[in-house]
Q: 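So that we are looking at the same thing, I have put the structure below in structure tokens.
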Number of protein chains: 2
Amino acid sequence: MTSAPNWLSDEEQRTWRAYLHATRLLEDHLDRQLQRDAGMPHIYYGLLVQLSQAPRRRMRMTELAKNSKITRSRLSHAVTRLEKNGWVRREDCPSDKRGQLAILTDAGYEVLERTAPGHVAAVRQAMFDRLSPVQVDQLGEIMRVMAQGLQPTDAKADLPWLR
Amino acid sequence: MTSAPNWLSDEEQRTWRAYLHATRLLEDHLDRQLQRDAGMPHIYYGLLVQLSQAPRRRMRMTELAKNSKITRSRLSHAVTRLEKNGWVRREDCPSDKRGQLAILTDAGYEVLERTAPGHVAAVRQAMFDRLSPVQVDQLGEIMRVMAQGLQPTDAKADLPWLR
DNA sequence: CCGACCTAGTTCAACTTTCAAGAAGTGTCC
DNA sequence: GGACACTTCTTGAAAGTTGAACTAGGTCGG
């Protein structure tokens, strides 16, 4: 950061621009699709999906936040809203009195059943139908590399000499 | 959409999940980086970059919105905010009285000069430093395909029989 | 068991985004 | 030139997000 700026090459700029455009367009597209068909934004829908796949359709708030890559604050607001819709309810965690469980209700499950096919179709149409199987593999690998590099690492784990 | 749901395969699900995680983590990361170093979210920063590259550092609102893949409404609010910061100003378009030009001010240009190196470094660190040159090519091609499929097409252009 | 420190979750205020509605200008067709 | 449709941009209210502050409960060393 103290050295001369290491600008992006033209090729890199093109890629970066394409990345920004594609990701923005896709997220907007899915947000609108789900707002229209399921009455919630994409990220809220993702929370219901997570819960539907968890044992007993319930999860600790912090775990749900981590899996969904959002802050606890954001999750807290989101669950409040989903609770008002009757799709999720909260329950005290029996083993840790600080904890809360977010639980998918039957109504929430039904929303998923009803809207999942349309959502999958939208995802397919935007991504998997347009890419070759090889490209899908490449994309998966690339995204895994990037996600790994961005994982909020535990500072202590990285800096053992501070312990 | 009337046929049986065409679920994602396990491989596709893994890819989709990785995509969601990586894109979310990166956008959050850049938002925080720019909020801290430049005092604005990533998308606002992108607007300044666009303007800085336009002839005479100015652009019609609609064009800027299109290039940035955001709605005109969102842009309008954003420019209002950037105007309050003194980084952008508005001017009437001489050739079309409905039009407005968004113009990058000197102060806006200086913010870019000051913060661009750090931002590029963050982008590099998250993406280009972690991917092989081949992967960068692959990513670029994949993102171009996706963006093209999501481009909001002019309905009339697609449905000439309606004219 | 006590104090210091950590973690879980919520809340508040400030900010951003969305959607629908509206003001104002342009283009076209007759 | 006037009706009509369309484009440009803004606005206002509702919804969502952020970051910091806060409450409450857990943990660990002495």
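By convention in this document, chain letters (A, B, ...) are assigned in the order of the sequence lines, proteins followed by strands, and residues within each chain are numbered from 1.
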Q: Got a salt bridge between B:K69 and A:D28, using NZ or NE/NH1/NH2 to carboxylate O under 4.0 Å?
A: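 Salt bridge between B:K69 and A:D28, a charged N being under 4.0 Å from a carboxylate O: no.
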Q: Using whole Å, report how far CD1 of B:I70 lies from P of C:dC19.
A: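 One finds 14 Å between P of C:dC19 and CD1 of B:I70, rounded.
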Q: What is the separation between atom NZ on A:K69 and atom C1' on D:dT18, rounded to the nearest whole Å?
A: 19 Å
Q: Using a heavy-atom cut-off of 4.0 Å across all strands, would you classify A:R36 as base, sugar-phosphate, or nothing?
A: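 It contacts nothing in the nucleic acid.
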Q: Does D:dT18 have OP1 or OP2 sitting under 4.0 Å from an N or O in the side chain of A:R72?
A: no
Q: On the six-membered ring of A:Y109, is A:R57 placed so that its NZ or CZ lies under 6.0 angstrom from the centre and within 45° of the ring axis?
A: yes
Q: I'd like to know if A:S76 reaches the base of C:dT11 with its side chain, counting only an N/O donor and acceptor under 3.5 Å.
A: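 Counting by modelled atom types and ignoring angles, no donor-acceptor contact under 3.5 Å is found here.
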Q: Using a cut-off of less than 4.0 Å, is there contact between a side-chain N or O of A:R74 and OP1 or OP2 of D:dT18?
A: yes
Q: Tell me: NE2 of B:H42 to P of D:dT18, nearest whole Å?
A: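 Interatomic distance, NE2 of B:H42 to P of D:dT18: 15 Å.
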Q: Would you mind classifying the nucleic acid contact of B:D31 as base, sugar-phosphate or nothing, using non-hydrogen atoms under 4.0 angstrom?
A: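 Nothing, no nucleic acid heavy atom in range.
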Q: Salt bridge or not for B:K66 and B:E63, using N-O below 4.0 Å?
A: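 Judged by the 4.0 Å cut-off on N to carboxylate O distance, B:K66 and B:E63 do not form a salt bridge.
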Q: Is a donor-acceptor contact shorter than 3.5 angstrom present between the side chain of B:T71 and the base of C:dC19?
A: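 Check fails, no donor-acceptor contact within cut-off.
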Q: Side chain of B:S73 only, heavy atoms from C-beta on: which candidate in C:dG25, C:dT18, D:dT18 is closest?
A: C:dT18
Q: May I have the distance from A:L101 (atom CG) to C:dA8 (atom P), rounded to whole angstrom?
A: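 Whole-Å distance recorded here is 13 Å.
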Q: Assign each of A:K66 and B:M40 to its nearest nucleotide of DNA chain C by heavy atoms, then name whichever residue's nucleotide is nearer the 5' end.
A: A:K66
Q: Measuring only between side-chain heavy atoms, which start at C-beta, is A:L131 closer than 4.5 Å to A:M127?
A: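 Sidechains of A:M127 and A:L131: in contact.
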Q: Using the side-chain heavy atoms of A:P41, tell me which of these nucleotides is nearest: C:dT26, D:dC9, D:dG16.
A: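 My answer, after comparing the listed nucleotides, is D:dG16.
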Q: Which nucleotide, D:dT17, C:dG25, C:dT18, lies nearest any side-chain atom of A:Y44?
A: D:dT17
Q: Return the nearest nucleotide to the side chain of B:Q100; candidates are D:dA20, D:dC9, C:dG9.
A: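 Looking only at heavy atoms from C-beta outward on B:Q100, the closest nucleotide is D:dC9.
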Q: Which of the following nucleotides, D:dT11, C:dG9, D:dT7, is nearest to the side chain of B:R98?
A: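 For the B:R98 side chain, the nearest candidate turns out to be D:dT7.
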Q: What's the CD-C1' distance between B:Q35 and C:dT16, to the nearest Å?
A: 10 Å
Q: Nearest whole Å is fine: how far is C:dG9 C1' from A:D92 CG?
A: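 Answer to the nearest Å: 11 Å.
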Q: So which of A:N85, A:L47, A:V111 actually passes side-chain contact (heavy atoms from CB on, under 4.5 Å) with A:M40?
A: A:V111
Q: Over 60° means perpendicular and under 30° means parallel, so classify the ring planes of B:H42 and B:H119, tilted if in between.
A: tilted
Q: Please determine, for the side chain of A:R81, which listed nucleotide (C:dG25, C:dT18, D:dG16) has the closest atom?
A: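 Selected nucleotide: D:dG16.
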Q: Side chain of B:T62, heavy atoms from C-beta onward: which of C:dT11, C:dA8, D:dT8 has the nearest atom to it?
A: D:dT8
Q: Under the 3.5 Å rule, do the base of D:dG12 and the side chain of B:H77 count as making a donor-acceptor pair?
A: yes
Q: Name the residue closer to the 5' end of DNA chain D, choosing between B:M61 and A:K97 according to the nucleotide with the nearest heavy atom.
A: B:M61
Q: In this structure, how many angstroms lie between the P atom of C:dC15 and the CD1 atom of B:I43, rounded?
A: 19 Å
Q: Would you indicate what B:L75 reaches in the nucleic acid, counting non-hydrogen atoms under 4.0 angstrom: base, sugar-phosphate, or nothing?
A: nothing
Q: What is the distance, to the nearest angstrom, from the CD atom on B:E91 to the P atom on D:dT10?
A: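 In whole Å, D:dT10 P and B:E91 CD are 14 Å from each other.
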